[in-house]
Amino acid sequence: MPLDLPNKFYLELTTECNADCAMCIRHSWRSEGGRMSDETIEAVLAGLDGMASITTVSLSGFGEAMRHPKFWEVLARLKQAGRTVEVISNGLWQDDHAAERMIDLKLDRIIVSVDGLSDESSRMLHAGSFATASRNLQALNELRLSRDLSYPEIGIEFVATKHNIDELPELKRLAWVLGFSTILVTNVIPHTPELTAETLYEHWNTVSRTRRASRWSVAVDLPAMDPGPQVGRTVQRLSRGGAKVRLNGAEIIGAGPRCRFVTEGRFAVRWDGQVSPCLQLMHEHTYYYRGRAKHVVPYHLGNVTAAPLAEIWHSAEYTDFRRRVRAFEFSPCVDCGECDLRADNREDCTSDQHPRCGECLWAAGLIQCP
């Protein structure tokens with residue numbers, strides 16, 4: 001059994017942002033936002049000294065990290081400590097020298113949210129941001145090429161909806177100009193009722209809870225095929241019929257719930273120092289799943305200003321939580337969703353031990369994070 005050690009954490013320096021996107025969690029927020037204090041930053045950096053297993057720090061969360069006045073200092077100190085650092089950004093950099101600073105400080109990875117090539121396709125997401133974000137990415141790429149450097153690696157995060165999914169191939173063709181090498185596609189999380197009509201995961205059997213093949217969930221193993229209309233229609237029919245579809249041995253439909261935060265040793269530190277096991281549980285908010293509201297009560301395991309990161313990670317409560325998530329000891333809410341207990345994440349039909357993760361869209365494979 002592998003050692004239960006952390007590998008990556010998300011550091012939310014601030015919840016401030018220089019954009020107001022229609023899809024943003026802030027439109028359903030019940031949490032206080034804020035900016036990480038100097039004391040909390042020092043506590044985080046000190047805590048990292050005792051956690052050699054953490055190789056990657058993601059400066060992200062639910063805000064634009066570059067808005068924090070200590071952003072560049074934190075980045076520099078993380079790099080001096082030998083960490084791999086990635087930044088998730090909206091690409092609307094307000095620092096005229098941002099590209100030069102990223103390169104001078106040897107930032108490993110920058111991931112920019114691009115959700116459409118037109119205002120119409122991205123109007124409910126990052127409306128109006130593509131022109132500025134693409135100019136900033138192009139400038140960064142050109143500077144990187146002029147210095148014959150491979151860093152920072154540039155990636156795109158694409159929130160897919162019915163309005164923008166057709167633009168994904170065109171976005172891919174811009175890689176030569178904008179310099180990105182990866183596109184991480186995730187589904188939209190509807191934080192408002194209006195966004196529910198934009199989701200691409202409406203069918204009840206989008207996710208199968210059953211890991212094993214059975215008469216009710218037959219496994220269909222496909223070889224590599226040209227992804228033409230005929231193949232696409234067949235895969236769609238198999239999916240709607242509840243099949244577990246594999247492509248060249250890899251599960252593509254019906255793999256069952258899996259929390260990447262827990263299985264890959266990830267956790268998050270909120271702007272006020274609160275430690276959560278994942279991004280979903282950092283802030284109090286509401287989202288809509290298949291037409292019904294879900295209230296998320298946050299779950300915190302300690303604060304970095306009161307206890308070292310290592311102590312919080314190895315606490316009995318956090319260790320037991322990771323065990324329960326690996327075994328996925330929760331009701332199958334993502335496949336059911338009909339009872340009143342799913343109104344929030346405090347209890348389900350098997351337990352009232354908060355949090356209950358049976359309807360986690362990340363574990364279901366519907367939402368992805370870098």
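- Between Glu264 and Arg258 a salt bridge is recorded (basic side-chain N to carboxylate O distance below 4.0 Å).
- Side-chain contact between Leu48 and Leu78 is present, with at least one heavy-atom pair separated by less than 4.5 Å.
- Shown here are the side chain to side chain donor-acceptor pair (under 3.5 Å) partners of Lys106, two or more places apart in sequence or in another chain: there are none.
- With Asn90 contributing its side chain and Leu92 its backbone, the two residues share a donor-acceptor pair below 3.5 Å.
- Without hydrogens or angle criteria, Lys294 side chain to Ala343 main chain gives no donor-acceptor distance under 3.5 Å.
- Across all their heavy atoms, Ala22 and His27 have their closest contact at O-CD2, 3.4 Å.
- Proximity of a side-chain donor or acceptor of Glu157 to a complementary backbone N or O of Ser113 within less than 3.5 Å is not detected.
- Proximity of a side-chain donor or acceptor of Thr199 to a complementary backbone N or O of Thr196 within less than 3.5 Å is detected.
- Not a single donor-acceptor pair under 3.5 Å links the side chain of Arg26 to the backbone N or O of Asp20.
- Counting non-hydrogen atoms of other residues, nucleotides and ligands closer than 6.0 Å to CZ of Arg324 gives a total above 12.
- The environment of Lys162 atom NZ is dense: over 12 non-hydrogen atoms of other residues, nucleotides or ligands sit within 6.0 angstrom.
- The cluster map of Ile, Leu, Val, Met, Phe, Trp and Tyr, joined by side-chain heavy atoms under 4.5 Å apart, puts Leu174 and Leu184 in different clusters.
- Between the side chain of Asp348 and the main chain of Phe330, no donor-acceptor pair closer than 3.5 Å is present.
- With a 4.5 Å cut-off on side-chain heavy atoms, Thr234 and Leu222 do not count as touching.
- Of all heavy-atom pairs spanning Leu168 and Ile183, the tightest one is CD1-CG2, 4.0 Å.
- Not a single donor-acceptor pair under 3.5 Å links the side chain of Thr186 to the backbone N or O of Val159.
- Between Phe321 and Tyr318, the two ring planes are tilted [angle within 30° to 60°].
- Interatomic distance, CZ of Arg322 versus CG of Asp4, reported as 4.0 Å (0.5 Å rounding).
- For Thr55 and Asn7, the side-chain atoms include at least one donor-acceptor pair closer than 3.5 Å.
- Residues Thr40 and Asp272 form no side-chain contact, since every pair of their non-hydrogen atoms from C-beta on lies 4.5 Å or further apart.
- Put simply, Tyr288 and Leu361 are part of two different groups of oily side chains (I, L, V, M, F, W, Y) that touch within less than 4.5 Å, one to the next.
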*Under the side chain to side chain contact (heavy atoms under 4.5 Å, CB included) rule, what do Met36 and Arg270 come out as? Steps first, then yes or no, please.*
CA-CA 8 Å; Met36 187 168 283; Arg270 201 168 75 167; over 6 Å; no
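- Thr286 OG1 to His191 NE2: the interatomic distance, rounded to the nearest 0.5 Å, is 9.5 Å.
- Proximity of a side-chain donor or acceptor of Gln274 to a complementary backbone N or O of His300 within less than 3.5 Å is not detected.
- Heavy atoms only, all atoms of each residue included: Ala293 and Arg342 are closest at O-NH1, 3.7 Å.
- Nearest heavy atom pair, residue Gln368 against residue Arg260, reads OE1-NH1, 4.1 Å.
- The pair Asp320-Arg323 meets the salt-bridge criterion, since a charged nitrogen lies less than 4.0 angstrom from a carboxylate oxygen.
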*Going through the checks in order, is the side chain to side chain contact (heavy atoms under 4.5 Å, CB included) test met by Val112 and Asn136?*
CA-CA 10 Å; Val112 174; Asn136 287 339; over 6 Å; no
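- With hydrophobic clusters built from ILVMFWY side chains whose heavy atoms lie under 4.5 angstrom apart, Ile25 does not share a cluster with Val297.
- Residues Arg144 and Met102 have side chains not in contact (no heavy-atom distance under 4.5 Å, counting atoms from C-beta outward).
- Under the 4.5 Å side-chain heavy-atom criterion for grouping Ile, Leu, Val, Met, Phe, Trp and Tyr, Leu178 is connected to Leu107 within one hydrophobic cluster.
- Using a 4.5 Å cut-off on side-chain heavy atoms (C-beta onward), Phe180 and Leu171 make contact.
- For the residue pair Glu64/Thr14, the side-chain donor-acceptor check at 3.5 Å is not satisfied.
- For Thr350 and Arg356, the side-chain atoms include at least one donor-acceptor pair closer than 3.5 Å.
- Between the side chain of Arg290 and the backbone N or O of Val334 there is at least one donor-acceptor pair closer than 3.5 Å.
- For Gln230, the CD atom is loosely surrounded, since the number of other residues' heavy atoms within 6.0 Å does not exceed 12.
- Looking at every heavy atom in both residues, Leu195 comes nearest to Ile189 through CD1-O, 4.4 Å.
- The local environment of CD in Glu39 is sparse, with at most 12 non-hydrogen atoms from other residues, nucleotides or ligands closer than 6.0 Å.
- Using a 4.5 Å heavy-atom threshold, the side chains of Phe9 and Val57 count as touching.
- Rounded to the nearest 0.5 Å, atoms OG1 (Thr84) and NZ (Lys79) are 5.5 Å apart.
- Distance check, rounded to the nearest 0.5 Å: SG of Cys369 to CD1 of Ile111 gives 10.0 Å.
- Residues Cys333 and Tyr289 fail the side-chain proximity criterion, which asks for heavy atoms closer than 4.5 Å.
- Scanning both residues, Lys70 and Ile41, for their nearest heavy atoms gives CB-CD1, 4.1 Å.
- Linking ILVMFWY side-chain heavy atoms closer than 4.5 Å, directly or via other members, places Met23 and Ile88 in two distinct hydrophobic clusters.
- Under 4.0 Å is where a charged nitrogen must lie from a carboxylate oxygen, and between Arg109 and Glu153 at least one such pair does.
- A 4.5 Å side-chain heavy-atom check between Met66 and Asp95 finds every atom pair outside the cut-off.
- Here Phe267 contributes atom CZ and Leu279 contributes atom CG; the two are 12.0 Å apart, rounded to the nearest 0.5 Å.
- For residues 59-96, the ring pair (Phe, Tyr, Trp, His ring centres under 6.0 Å) pairs, not counting sequence neighbours, are Phe62-His283.
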*Which is it for Leu5 and His314 under the side chain to side chain contact (heavy atoms under 4.5 Å, CB included) test, yes or no, and what are the steps along the way?*
CA-CA 9 Å; Leu5 295 174; His314 292 293; 4.1 Å; yes
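- With respect to Arg83 and Asp108, no salt bridge is recorded, no charged nitrogen being found less than 4.0 Å from a carboxylate O.
- The distance from the OG1 atom of Thr161 to the NE2 atom of His163 is 7.0 Å, given to the nearest 0.5 Å.
- For the pair Asn164 (side chain) and Gly116 (backbone), a donor-acceptor distance under 3.5 Å is absent.
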*When you look at Tyr287 and Gln280, which way does the side chain to side chain contact (heavy atoms under 4.5 Å, CB included) test go after all the steps?*
CA-CA 11 Å; Tyr287 68 88; Gln280 162 86 330; 3.6 Å; yes
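- The pair Asp104-Arg147 counts as a salt bridge, with a side-chain nitrogen and a carboxylate oxygen less than 4.0 angstrom apart.
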